[in-house]
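The structure appears right after this line, and notes come after that.
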Amino acid sequence: MSAVARALRAFASFWFDFIVGDDWTVAAAVTAALFGTWGLTHTVLPAWWLLPAVVLAVTTASLHRSVARDRRRDEQGR
Amino acid sequence: MNSAVLVSTFFAAAIEVIEMVAIVVAVGAARSWRAALLGAGGGLLVLVVLVVVLGAALREVPLAPVRLVVGALLLVFGLQWLRKGVLRVARDGWGVGYGDEDVDPADPASVGFDWVGFVLAFKGVSLEGLEVAVIVVAFGAAAGAVGAAAVGAAGAVVVLGVLGAATYRWVAAIPRRALQLFVGAMLTAFGTFWAVEGLGATWPGDELALAGLVVLYGVAALLLLALVRRWRRGPAAPRLDGAGEAAATARRRP
């Protein structure tokens, strides 16, 4: 692989890890919430509340999945 | 020199500078001071170039898209730290991880230059610095006293920068795992605030909403920590559909 290709791959990998990290559902939920917030700004409803609500919900769900995954791994390891 | 413009600009810029310094100090303490300071320096350099090149036309720079992009990126990254901080503190407790003791071999901060810390500090300083520059141009042009406005803004950067540097020892004394959790909450709050503003929505209480978000996510982090500890201790990880308890009971039967 050429040096340029390696540099491009490293750059892409950096931004993928920065944005998606270890749980793609969080980035997806945040993206959806941003679109939802934008949609709400075109209505008479307040738009500020949607993103914090989604952030809290998706973080809780993500942590729950992490703990469940760790427990399954521990049980399989026994 | 127009002292009214100087003082007004000092206080208006101070709000933005506080956010800037908070991000640099938090990233420096949690990741790498070298990367954070270089990122901050890079952000200031870009800002100086923009001010020199654009001058008064800086007022025409659309801040909303910049806020949205920077805010969204800070938000998703802050959430990663928040989640990892909660999981690690739940696993190991608060008092683990002073300085180099807690370097995770998988964490890029421990290998070579910390580009993540650099990007976080760069983005925070660039965005807030751009807002400070717009304040200077707006206040200064309106009163015909750009010089006084620039001095006021520079004064805010110096005073709050020194205060931020003075907090270094206090912040560095916080265990790294705990720092990751609270810095994650802080970055998530900043990202949420800026992203929503960038989309054209307004927050109740304007800038005060940012403080409210920091408190909200900080409290949420502590509640999530308690939840995660309970899930880890429980007989089975509870499923959101309630089937977890039934499965655990079935496994316990001979």
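Since this is a predicted model, take the numbers as computed values, not measurements. Throughout, a chain's letter reflects where its sequence line sits, starting with A, and its residues are numbered from 1.
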Nearest 0.5 Å please: distance from the CG atom of Leu34(A) over to the CG atom of Leu75(B).
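Leu34(A) CG to Leu75(B) CG: 7.0 Å, rounded to 0.5 Å.
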CG/Leu87(B) to CG/Asp70(A) distance, rounded to the nearest 0.5 angstrom?
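Answer for the CG-CG pair, Leu87(B) versus Asp70(A), is 7.0 Å.
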What part of [X] gets within 4.5 angstrom of chain A, counting heavy atoms only: side chain, backbone, both, or neither?
| X | value |
| --- | --- |
| Leu223(B) | neither |
| Phe193(B) | neither |
| Leu73(B) | both |
| Thr188(B) | side chain |

Which atom of [X] lies closest to which atom of [Y], heavy atoms considered:
| X | Y | result |
| --- | --- | --- |
| Arg83(B) | Ser62(A) | NE-OG, 2.8 Å |
| Trp231(B) | Leu63(A) | CZ3-C, 3.9 Å |
| Trp48(A) | Trp203(B) | O-CH2, 3.6 Å |

Is there a side chain to side chain contact (heavy atoms under 4.5 Å, CB included) between Val67(A) and Leu227(B)? Walk through the geometry before answering.
CA-CA 10 Å; Val67(A) 172; Leu227(B) 255 183; over 6 Å; no
What part of Thr41(A) lies closer than 4.5 angstrom to a heavy atom of chain B: side chain, backbone, both or neither?
side chain
Shorter than 4.5 Å, heavy atoms on both sides: which option in Leu120(B), Thr192(B), Leu82(B), Val86(B) has the most such pairs with chain A?
Thr192(B)
Using a cut-off of under 4.5 Å for heavy-atom pairs, which of Ala201(B), Ala195(B), Ala72(B), Pro204(B) has the most such pairs with chain A?
Pro204(B)
If you define the side chain from C-beta out and look only at heavy atoms, does anything of [X] sit under 4.5 Å from [Y]?
| X | Y | answer |
| --- | --- | --- |
| Val76(B) | Val20(A) | no |
| Leu224(B) | Leu56(A) | no |
| Val196(B) | Trp49(A) | no |
| Trp15(A) | Val119(B) | yes |

Within 6.0 angstrom of Arg65(A) CZ, more than 12 heavy atoms from elsewhere:
yes
Should the heavy atoms of other residues, nucleotides or ligands under 6.0 Å from CZ of Arg91(B) be counted, would the total exceed 12?
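It does: Arg91(B) CZ has more than 12 such atoms within range.
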Using modelled atom types only, decide if a donor and an acceptor are shared between the side chain of Arg71(A) and the backbone of Arg232(B) within a distance under 3.5 Å.
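Judged by distance alone, yes, a pair lies under 3.5 Å.
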Strictly below 4.0 Å, N to O, side chains only: are Asp22(A) and Lys84(B) in salt-bridge contact?
no
Starting from the C-alpha separation in whole Å, work towards a yes-or-no answer on side chain to side chain contact (heavy atoms under 4.5 Å, CB included) for Tyr217(B) and Thr59(A).
CA-CA 11 Å; Tyr217(B) 289 142; Thr59(A) 304; over 6 Å; no
